[in-house]
Amino acid sequence: MQGAPAMQRYSIFSLLRNALSHHERWQAAWRSPEPRPAYDVVIVGGGGHGLATAYYLAREHGITNVAVLEQGWLGGGNTGRNTTIVRSNYLWDEAAHLYELSLKLWEGLSQDINYNVMFSQRGVLNLGHSLQDMRDIHRRVNANRLQGIDAEVLNAAQVKAMVPILNTSPGARYPVLGASLQRRGGVARHDAVAWGFARAADARGVDIIQNCAVTGIRRENGRVVGVETSRGYIGAGKVGVVAAGNSSVLAAMAGLRLPLESHPLQALVSEPMKPVIHTVIMSNAVHGYISQSDKGDLVIGAGIDQYAGYGQRGSFHVIEGTLAAIVELFPSLSRVRMNRQWGGIVDICPDACPILGKTPVRGLYFNCGWGTGGFKATPGSGFVFAHTIARDEPHPQNAAFSLERFTSGYLIDEHGAAGVAH
Amino acid sequence: MTQPARLRHGGRINRDRPVAFTFNGRQYLGCEGDTLASALLANGVHMVARSWKYHRPRGIVGAGAEEPNAIVQLGEGSRTVPNARATQVEIHEGLIARSVNCWPGLEFDLLSLNGLFSRLLPAGFYYKTFMWPKSFWRHYEHFIRKAAGLGEAPTERDPDYYEKFNAHCDVLVAGAGPAGLTAALAAARSGARVIIADEQSEPGGSLLHARESIDGLPAVSWLRRTLAELAAIPDVRVLARSTVFGYHDHNFLAIAERLTDHLAEDRRRGPRERIWRVRAKQVILATGACERPLVFTNNDRPGVMLASAISIYTRRYAVRTGNNAVIFTNNDSAYATVLDLLDAGVRVAAVVDAREQPRGPHLEAARQRGINLMAGSAIVDVRGRRRVQAAVVASLGADANGLRGNDTTVVDCDLIGVSGGHSPVVHLYAQSGGRPLFDEGLAAFVPGPAVQTQRSVGGCRGSFALADCLREGYEAGTAAARETGHDAAATLPPGPGTLERHDYTLRPLWRVPDPPGHARGARQFLDLQNDVSASDVLLAAREGYHSVEHVKRYTALGFGTDQGKLGNINGLAILAQALGQDIAATGTTTFRPNYTPVTFGAIAGRDLGDLFEPIRLTALHAWHVEHGAEFENVGQWKRPWYYPKPGESMHEAVRRECHAARNAVAMMDASTLGKIDIQGPDAAEFLNRVYTNNWHTLKVGQCRYGLMLREDGMVMDDGVTSRLGENHFYMTTTTGGAARVYAWLERWLQTEWPELKVYLTSVTDHWATIAVVGPRSREVMKGVCGDIDFGAASFPFMSFRDGTVAEVAARVARISFSGELAYEVSVPADYARHVWKALMAAGAPHGITPYGTEAMHVLRAEKGYIIVGQDTDGSLTPQDLGMEWIVSKTKDFIGRRSFARADTARPDRKQLVGLQSADPALVLPEGGQIVDRPQWTAPVQTTGHVTSSYFSDALGRPIALAVLQSGRSRIGQTIYVTLGDGRVAPATITHPVFLDREGKRQHG
């Protein structure tokens, strides 16, 4: 097995040292090797979740004969298209524990992988606009506190103090009655998450192979033996599929049908401006969510298009509805301009929770169904999925997210917790 | 206040109309017709900005949408606009603008210190540092955020408004330059319905500064004639100041029209902007091309401009952009600028041409005027900091990757015009779904095959010669019109006059070699707005960020408000070279909407405030307002919440209302319940499938409560349905669930059970429904209705009668959501107020009391009646709610199959129970979680929560409903409810029905 070169550490000192040589001596962040004939584990999908899985397979389980196959460029799917919100204030224990595991990993991630992912714990507010919203907020905050997850209920005045430009007038169409606040929530730099995990996984020997599309999943006697790819057949002891919007396509290659619907989900950014929004604000009822990036863009999530499809573009009317919601919530942003919009494909389960586990094909594992909220789970998802692959049994934190729950009925209905109405 | 750099003659500005404006606190004069950029240049102001990262002085580079530098904050207070491009801002009297992202000011900017540390700030430096100590990121980030960003968002409410138009047309033309105009002309002459939109203040595009003539006329005269002809043809709409910013599926395009920003504030009327949503049968893209800068050291100094921009400022705006120019080009088009400068009396110190043997018609014309041509050369460095002082020129090696020797020539100048060729504006084509292809001859991306019914013509398809633009436009307009059924008028396209064919020989030059002794590409800027230099792209390539998307995201190349219109192509060519692959294989980043930024408010339109979502009011709303009701939002509805009397608290009002309902009579407006009229021979069978209970047995004249489940067996809605006839039912749903239920029913009918003959009509708004509730309700009803027998036996519970109430035809049902003797009176909505008042009058002797949703909630909770969505959350079955009695064992219905699933059949599921607070003064908080012990440490498994909680007047103490694991088997046990702040409150588990468990009252 070819050894990976020692990772060049990033720090202010290495930056200084390299400045002297005009930054012409930096190593590649990851190698781009030719695929080997076979690996112990092949991860299909080079987004954040797939790369995190490879990293934790190497770090936690010592499994380094691993390839991550990406059909395009690393982080080019939903990892690079989401609105980067990180939080763990989910309603149900199972979901809360999974996302909290992830949040805890976020809190040390930059140091762990020696790549600044700019995890910024600027707090996440979920607004309540009706009496029922407030009941649900109280319920969720109480539930979070039972799980040891930080959560608070704010009244309208407290929300206004945190977000002065928010319209909290009682005369608003849907006045803000209060909010839940998770102070440990925030945002992170999405591309950096993919790159940082790729670099850290590569340093532990994982082969990261871009421009390598999986076209088939080869099985023998009910067990996976490898994958057909655009760069030839690659043998695999185990295969973990982490392909987000394309998961059902890959599942079909293994003769599986997953309870997923793939929909376009759009997002948009404003032009960059001086800081005006300092926290993450989400509203289910008025349906908008917003934060401001370190570069100064307002990052705004739109709703899903109701039709199913794999095109990474959506309809204009969804953008119109989203900006109406944003201007309704923040009337002073009316004259701000929208710079750019884009779309991704979200894979949505009937209960708005992911599928993370084994499949009827031995040695084949799926990690999908994150819907509109997968980014926040990136490190946690990789951590428990690596465990599932390495041990051929789920980690306690993803046991509930098996495919079997759709047979048993053990659904974890998080529609209310999702930022986006499904 | 003269305009020192204003030419005495020419241009399209109006010298008789001076316009005063303010820039960075100083007053200037411009002319009507100026942009802010042209007016500043006319005043000799070149340096207008500081760069984003290093705060280097920056000047105006372009003359249009591609401008990366001249970003300004417009106006003050509520009308301020961040990040306006000075090149696209028309000046008006009183205009105020200032530079952004510099402090304390443009001239002295503190953060220009960053430039000293620029070596420490290469692309992606922040990924490599700020990680220690761990807790310090928030402090680092604080300063990063303050330093980032350009303009400032307004902090006041926008005083303007915006609107939207929807339009259909045969042919939509994007861009009114020469190609777009002939396209529109041909289509219009053929009789097609045409919309032509252009982002500038007047149509014409390059014709507004062209040297050429058309049909023997100067270009601007031909333009005037053409616009007059278009204006005379009906069904042609010419939109100026209108940017086609989005090209979506099915030939749906969005246009932003700016209506008032170019006017002095006191002359503005009507909406500020208008979004056109256009569905076009045929689209013709004529969006032209962007000139490309050349990449050389210190190419960002104020005074370095696009050659074409110099021509535009000279000929269209009559501005002298400098006194002593050097032109640097790799193609012939910049020689037109040389001619323009010479015509304007500007000295051209040198023309530096990268080509070894330059040729071309403009060059020949310029040669005749006498120029200092430095062929096979390049500008390798620029002297001067706040303004260009000299160009350093060197000889290029044969492959342009190196210099021929170390000799340089310093040419003094105050203006450098650059042309690296042209990039067709393929943005809209790419947005339509097309993939641009790289044309080696043009060294540019051009449109590939059309994906929608669309054609690209002229500059945006790589045809840069005027003759080609005119001809292609005309042909496309003719063809597009023909495809929409309009046969073309056989007119010849206009032809150019003076100049023969354009000769576009170009020597690709993506990056000029570094001058001797310089680091590789450190000050060779690609993206001026984001301070991305060639060395940043090389660093990205070196570090493995090979995808063009990675380079964009790692370096911020093309991330600005100009989205890389100028510099992206150079960046990806440098990347391609670094990776040893060709440009075609390297590809472009994705072109996405918007072409240029669009105002949030315009896209939001009028859907704000009270129009954000429809406000639904019942027919009785005015009465409720008159009688002091407080309202609650329920879905889109405003419902009376309670009716406080003067000085009365909510608690007191609700107690009074409940007391009347339980002891005398009370009345509420129940009109918001969803109402669906169901007809057809299979109506009963249909209900049998969507509800858990049996509907074939319901007799005409009877009502029945139904529970609706999702496929997974969980409760999704409930309501009472009446059988009006053998094949005719009347369903009610929850207020908030009405639309969802209606869509659900239609979905099953249309997609799963098309064989059923059933027809649904939403009649929610047609009927007003008044609930008359309480032991005295029968007397009240008798007082207003003489033709219904209200005898307890002849008009039993859960039946209805048609009759006349207060002389209005009405349907009266004996239904109760309070557990009291109660009637629901439904009348056509127009009669609601009359009937309501009649009931109030008839009830007055009994003390009839109007009540709102809060009292309704208390009354139903006393009876243990659920509210779907409050006591349920999509995770509860009928069995969980103690409602097995409504689930048929003998027939199939939606959700039934799921009851057999292991988890749904689990014995320890959550179940609906009652709670009695130990503290008789404490109303338990709704949303409180239930724990077994008063002390707990996280994590604790959640086992249930309080769903509803009130003070019960009838019981004289608080009551609560909750769902709790195995709750029904735990009645009598003590549990603890979390109060959200670490404290808990003890409570006893009880049966969920607190009052009249036998139901005597409602059957009375």
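Sequence lines set the chain letters: A, B, ... in the order given, protein chains first and strands last, and positions in each chain run from 1. Quick caveat, the model's predicted, so the values are computed rather than measured.
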Between Asn167(A) and chain B, which part of the residue has a heavy atom less than 4.5 Å away: side chain, backbone, both or neither?
side chain

If you count heavy-atom pairs under 4.5 Å between each of Glu107(A), Gln121(A), Arg122(A) and chain B, which one has the most?
Arg122(A)

Once rounded to the nearest 0.5 Å, what's the spacing between atom CG of Asn144(A) and atom CD of Gln929(B)?
9.0 Å

When you compare the side chain of Gln636(B) with that of Tyr174(A), does any pair of heavy atoms fall below 4.5 Å?
yes

So which residue, Gly296(A), Gly72(A), Ala143(A), ends up with the most heavy-atom pairs under 4.5 Å with chain B?
Ala143(A)

Closest-packed option against chain B by number of heavy-atom pairs under 4.5 Å, given His138(A), Arg9(A), Met118(A):
Met118(A)

Tell me the side-chain hydrogen bond (donor to acceptor under 3.5 Å, both in side chains) pairs involving residues 592-609 of chain B, sequence neighbours left out?
Glu273(B)-Thr599(B)

Can you find a side-chain donor-acceptor pair between Arg189(A) and Tyr126(B) that sits under 3.5 Å?
no

Among Gln147(A), His278(A), Arg25(A), Glu152(A), the residue with the most heavy-atom pairs under 4.5 Å to chain B is Gln147(A)

Could you note down all residue pairs passing side-chain hydrogen bond (donor to acceptor under 3.5 Å, both in side chains) where residues 142-151 of chain B supplies at least one of them, sequence neighbours left out?
Asp294(A)-Arg145(B)

Could you give the distance from CG (Asp712(B)) to CG (Asp351(A)), rounded to the nearest 0.5 Å?
9.0 Å

Can a salt bridge be assigned to the pair Asp160(B) and Arg335(A) using a cut-off of 4.0 Å between side-chain N and carboxylate O?
yes

If you count heavy-atom pairs under 4.5 Å with chain B, which of Ala324(A), Ala28(A), Ser334(A) comes out on top?
Ser334(A)

Pick one: which of Thr947(B), Thr942(B), Asp873(B) meets side chain to side chain donor-acceptor pair (under 3.5 Å) with Arg139(A)?
Asp873(B)

How many angstroms lie between CZ in Arg157(B) and CZ in Phe330(A), if you round to the nearest 0.5 Å?
13.0 Å

In this structure, CD1 of Ile275(B) is separated from CG of Leu323(A) (nearest 0.5 Å) by 10.0 Å

Okay, Ala325(A) and chain B: the region with an atom under 4.5 Å from a heavy atom over there is both

Greatest number of heavy atom pairs closer than 4.5 Å to chain B - which of Gly148(A), Ala19(A), Ser130(A)
Ala19(A)

Rounded to the nearest 0.5 Å, how far apart are NE2 of His945(B) and CG of Asn142(A)?
10.0 Å

Distance in Å, Glu926(B) CD paired with Leu131(A) CG, rounded so as to fall on 0.5 Å steps:
8.5 Å

Would you call the rings of Tyr127(B) and Trp195(A) parallel, tilted or perpendicular, taking 30° and 60° as the class edges?
perpendicular

